[in-house]
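Below is one structure, written out as structure tokens; the observations come after it.
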Amino acid sequence: KTLRLLDEKELIRFHSQGTNHEYALQLDSTKFGKDFQYLTKVYEYVWYGEFLITDQQGEMVQQNFNQFYTAIES
């Protein structure tokens, strides 16, 4: 969802073989770069690293994603 939205807003060039690192580089010079890097890191730790997060941490991350989406759409 995030990558599609960034592509629609012409902030990145999405392609099926793209990596989070590649997209982070594309966003590096924008105001969204640091937030994208943070959200990507959290995603990778939880998804690939199988780190467990608490409900409170999950809510915090969800808020960060929502703020990120809102900022992109405005």
Side-chain angles (χ1 to χ4, degrees):
K1 177 181 176 179
T2 304
L3 297 177
R4 294 285 181 189
L5 180 59
L6 290 167
D7 184 58
E8 287 173 12
K9 296 295 182 176
E10 298 182 353
L11 294 165
I12 64 166
R13 296 185 71 145
F14 176 80
H15 58 90
S16 61
Q17 299 300 316
T19 65
N20 287 337
H21 178 71
E22 180 182 338
Y23 298 128
L25 289 175
Q26 291 180 43
L27 289 168
D28 193 41
S29 63
T30 72
K31 65 181 182 178
F32 306 110
K34 288 184 183 196
D35 290 335
F36 182 81
Q37 287 179 17
Y38 166 76
L39 293 170
T40 299
K41 185 180 287 188
V42 170
Y43 171 80
E44 289 176 351
Y45 273 109
V46 173
W47 185 257
Y48 298 111
E50 299 180 13
F51 284 84
L52 298 177
I53 59 174
T54 65
D55 288 343
Q56 183 180 10
Q57 290 169 321
E59 289 175 18
M60 204 163 117
V61 171
Q62 183 63 48
Q63 288 176 2
N64 289 335
F65 267 105
N66 291 339
Q67 291 170 351
F68 187 71
Y69 293 141
T70 300
I72 292 168
E73 291 176 336
S74 61

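Numbers here simply count residues along the sequence, with the first being 1.
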Quiz item: Can you list every pair that meets side-chain hydrogen bond (donor to acceptor under 3.5 Å, both in side chains) and has a residue in residues 41-52, with sequence neighbours left out?
Solution: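 For residues 41-52: Asn20-Glu44.
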
Quiz item: What heavy-atom pair brings Lys1 and Tyr69 nearest, and what distance separates the two atoms?
Solution: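 Smallest interatomic distance, heavy atoms only, reads CD-OH, 3.9 Å.
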
Practice problem: Taking all heavy atoms of Tyr23 and all of His15, pick out the closest pair and write down the distance. | Solution: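 Closest approach of Tyr23 to His15, heavy atoms only: OH-O, 2.8 Å.
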
Self-check item: Side chain Gln57, main chain Thr54, donor-acceptor under 3.5 Å
Solution: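 Yes, the answer is positive, given that a donor and an acceptor are paired below the 3.5 Å cut-off.
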
Exercise. Examine distances only and state if a side-chain atom of Gln26 and a backbone atom of Leu11 form a donor-acceptor pair shorter than 3.5 Å.
Key: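 Checking the backbone N and O of Leu11 against the side chain of Gln26, no donor-acceptor pair under 3.5 Å is found.
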
Quiz item: Heavy-atom distance under 4.5 Å between the side chains of Glu22 and Gln17, does that happen here?
Solution: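 Sidechains of Gln17 and Glu22: no contact.
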
Quiz item: Do Phe65 and Thr2 touch side chain to side chain, with heavy atoms closer than 4.5 Å?
Solution: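 When only atoms from C-beta onward are counted, Thr2 and Phe65 do touch, with a gap below 4.5 Å.
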
To the nearest 0.5 Å, tell me how far [X] [atom1] sits from [Y] [atom2].
X: Ile12; Y: Leu25; atom1: CD1; atom2: CG; result: 12.0 Å
X: Leu6; Y: Arg4; atom1: CG; atom2: CZ; result: 11.5 Å
X: Glu8; Y: Ile72; atom1: CD; atom2: CD1; result: 10.5 Å

Quiz item: Same hydrophobic cluster for Val42 and Ile53, using side-chain heavy-atom links shorter than 4.5 Å among ILVMFWY?
Solution: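 Yes: a chain of side-chain contacts under 4.5 Å links Val42 to Ile53.
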
Self-check item: More than 12 heavy atoms of other groups within 6.0 Å of Asp55 CG
Solution: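 Open.
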
Would you give me the side-chain donor-acceptor pairs under 3.5 Å for residues 31-39, sequence neighbours excluded?
none

